[in-house]
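The structure appears below as structure tokens.
Read the numbers this way: they start at 1 and go in the same order the structure lists the ligands and their atoms.
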Amino acid sequence: MNEKRVPVITIDGPSGSGKGTICQLLAAKLGFHYLDSGALYRLLALAAKRHGVSLDNMESLAVLAAHMDISFKTRDNGNTPKVMLEGEDVSALIRSEGVGTNASVVAAYPEVRDALLQRQRAFAVSPGLVADGRDMGTVVFPDAIAKVFLTASSEERAQRRYKQLIDKGESVSLAALVERVQKRDERDMTRKVSPMVPATNAVMLDSSTLTIEEVLQKVVDVVAASGIQPPQ
Ligand code: DC
């Protein structure tokens, strides 16, 4: 398995914890590849809709998960990579609330998770990988050299989402967002397959009162303790 030879750093945690931003900054700092595993579940939800596969049809979803034509294209300006489905840039489409909800439905099927396991592990190529998700340190890369579980209070995560939505021009209630965040945590942490739990050897980090730079420094320190230093 690739991950044994190639250094893998896993950052798991709920959405709104800042892990996407931190993973991308860390990957850029180290010159490592970046895996946004949530995007795979989102791509599957979108591909299912486009191919008329019902969200109840676990077997067909697993076949689609194993064979869907997807890729990530690094952008020259260092921004979030372009997410491609069958040659089309679907980066913005997969971020809709509808796709997010359907992604959480398909993510609960064990056959789907199995089908995506090898595809996720294939991202562990030289010089190394920063993997972002919910079960990176527990299931996908259990032998990772450094594991972080990044979280933040539900109020803080709802506040961050609120700001994003307001910036996009959507009107939302903060109280409703706090409730949604808490419900989603409950569902993610109690689902039977690959629940979102910290790996036993993960370093816990709470980003509630920290800036992005402060979180990144703490993660860099964790990674350095495993023997990996950013190039000077
Ligand atoms: O991180 P995100 O919001 O893009 O994730 C989309 C969905 O996929 C979300 O419902 C959680 C799920 N997911 C998962 O079950 N396992 C992962 N490793 C990553 C995401």
Side-chain angles (χ1 to χ4, degrees), residues 3 8-24 26-27 33-49 55 58 61-62 64-65 68 70 72 80-85 90-124 129-142 144 147-152 154 157-158 160-162 164-165 168 177 180-199 202 207:
E3 59 149 318
V8 176
I9 296 155
T10 61
I11 305 192
D12 289 303
S15 51
S17 59
K19 68 192 160 63
T21 306
I22 294 299
C23 283
Q24 285 173 69
L26 180 68
H33 300 281
Y34 164 58
L35 167 63
D36 172 5
S37 61
L40 298 182
Y41 293 96
R42 289 173 181 269
L43 280 164
L44 177 59
L46 183 61
K49 191 171 172 207
L55 294 188
M58 182 158 61
L61 286 169
L64 190 56
M68 61 182 176
I70 57 170
F72 293 87
T80 311
K82 265 192 207 169
V83 184
M84 314 293 290
L85 175 63
V90 294
S91 315
L93 268 180
I94 60 160
R95 299 291 154 202
S96 75
E97 287 292 308
V99 171
T101 304
N102 291 348
S104 82
V105 174
V106 301
Y109 293 136
E111 281 82 352
V112 164
R113 302 198 74 90
D114 269 0
L116 288 179
L117 199 55
Q118 291 313 324
R119 296 195 81 161
Q120 293 174 87
R121 288 181 176 158
F123 282 82
L129 178 71
V130 178
D132 162 351
R134 307 290 193 288
D135 60 344
M136 298 295 98
T138 49
V139 177
V140 183
F141 300 109
K147 301 181 185 180
V148 171
F149 193 86
L150 188 62
T151 189
S154 48
R157 287 183 288 125
R160 290 173 185 172
R161 183 75 183 139
Y162 180 75
Q164 279 174 354
L165 291 173
K168 278 206 265 176
L177 279 179
R180 201 186 297 167
V181 163
Q182 286 170 343
K183 279 209 178 114
R184 189 150 134 190
D185 285 357
E186 171 75 18
R187 208 171 44 228
D188 285 348
M189 298 184 95
T190 55
R191 75 171 172 224
K192 286 206 179 72
V193 221
S194 297
M196 180 183 64
V197 287
S207 73

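Shown in contact with Arg184 at under 4.0 Å from a heavy atom are these atoms of ligand 1, numbered in order with element: 3 (O). Close contacts of ligand 1 with Arg42, meaning ligand atoms under 4.0 Å from a residue heavy atom, involve 2 (P), 3 (O), 4 (O), 6 (C). Listed by atom number, the atoms of ligand 1 under 4.0 Å from Met136 heavy atoms are 18 (N).
Of the possible polar contacts, one joining the Lys147 side chain to the Pro142 backbone as a donor-acceptor pair under 3.5 Å is found. Not one N or O on the side chain of Asp132 forms a donor-acceptor pair closer than 3.5 Å with the backbone of Asp36. Within the 3.5 Å criterion, the main-chain N or O of Val83 finds a donor-acceptor partner in the side chain of Ser91. The backbone N or O of Gln182 sits nowhere less than 3.5 Å from a side-chain atom of Glu186 that would complete a donor-acceptor pair. Looking at Arg113, its side chain never comes within 3.5 Å of a backbone N or O of Ala108 through a donor-acceptor pair. Side-chain atoms of Arg119 never come within 3.5 Å of backbone atoms of Ala122 as a donor-acceptor pair (strictly under, hydrogens ignored). With hydrogens and angles ignored, the 3.5 Å screen pairs no side-chain donor or acceptor of Arg42 with any backbone N or O of Ala103. Between the side chain of Asp188 and the main chain of Met196, no donor-acceptor pair closer than 3.5 Å is present.
Nearest protein heavy-atom neighbour of atom 12 (C) of ligand 1: Ala107 CB, 3.9 Å. Looking at atom 19 (C) of ligand 1, its nearest protein heavy atom turns out to be Ser37 OG, 3.4 Å. Nearest protein neighbour of atom 7 (C) of ligand 1, counting heavy atoms only, is Ala103 CB, 3.9 Å. Given atom 8 (O) of ligand 1, the protein heavy atom at minimum distance is Tyr41 CB, 3.6 Å. The shortest contact between atom 5 (O) of ligand 1 and any protein heavy atom is with Gly38 CA, 3.6 Å. Ser104 CB, 3.0 Å is the protein heavy atom nearest to atom 10 (O) of ligand 1.
Not a single heavy atom of Gln120 sits under 4.0 Å from any atom of ligand 1.
At under 3.5 Å, a nitrogen or oxygen of Asp135, whether backbone or side chain, sits near a nitrogen or oxygen of ligand 1. For Arg113, a nitrogen or oxygen atom sits less than 3.5 Å from a nitrogen or oxygen atom of ligand 1, counting backbone and side chain alike.
With hydrogens and angles left out, the side-chain atoms of Arg160 and Ser207 include a donor and acceptor closer than 3.5 Å.
In the candidate list Arg134, Met196, Arg187, Arg191, Arg134 is nearest to atom 1 (O) of ligand 1, counting heavy atoms.
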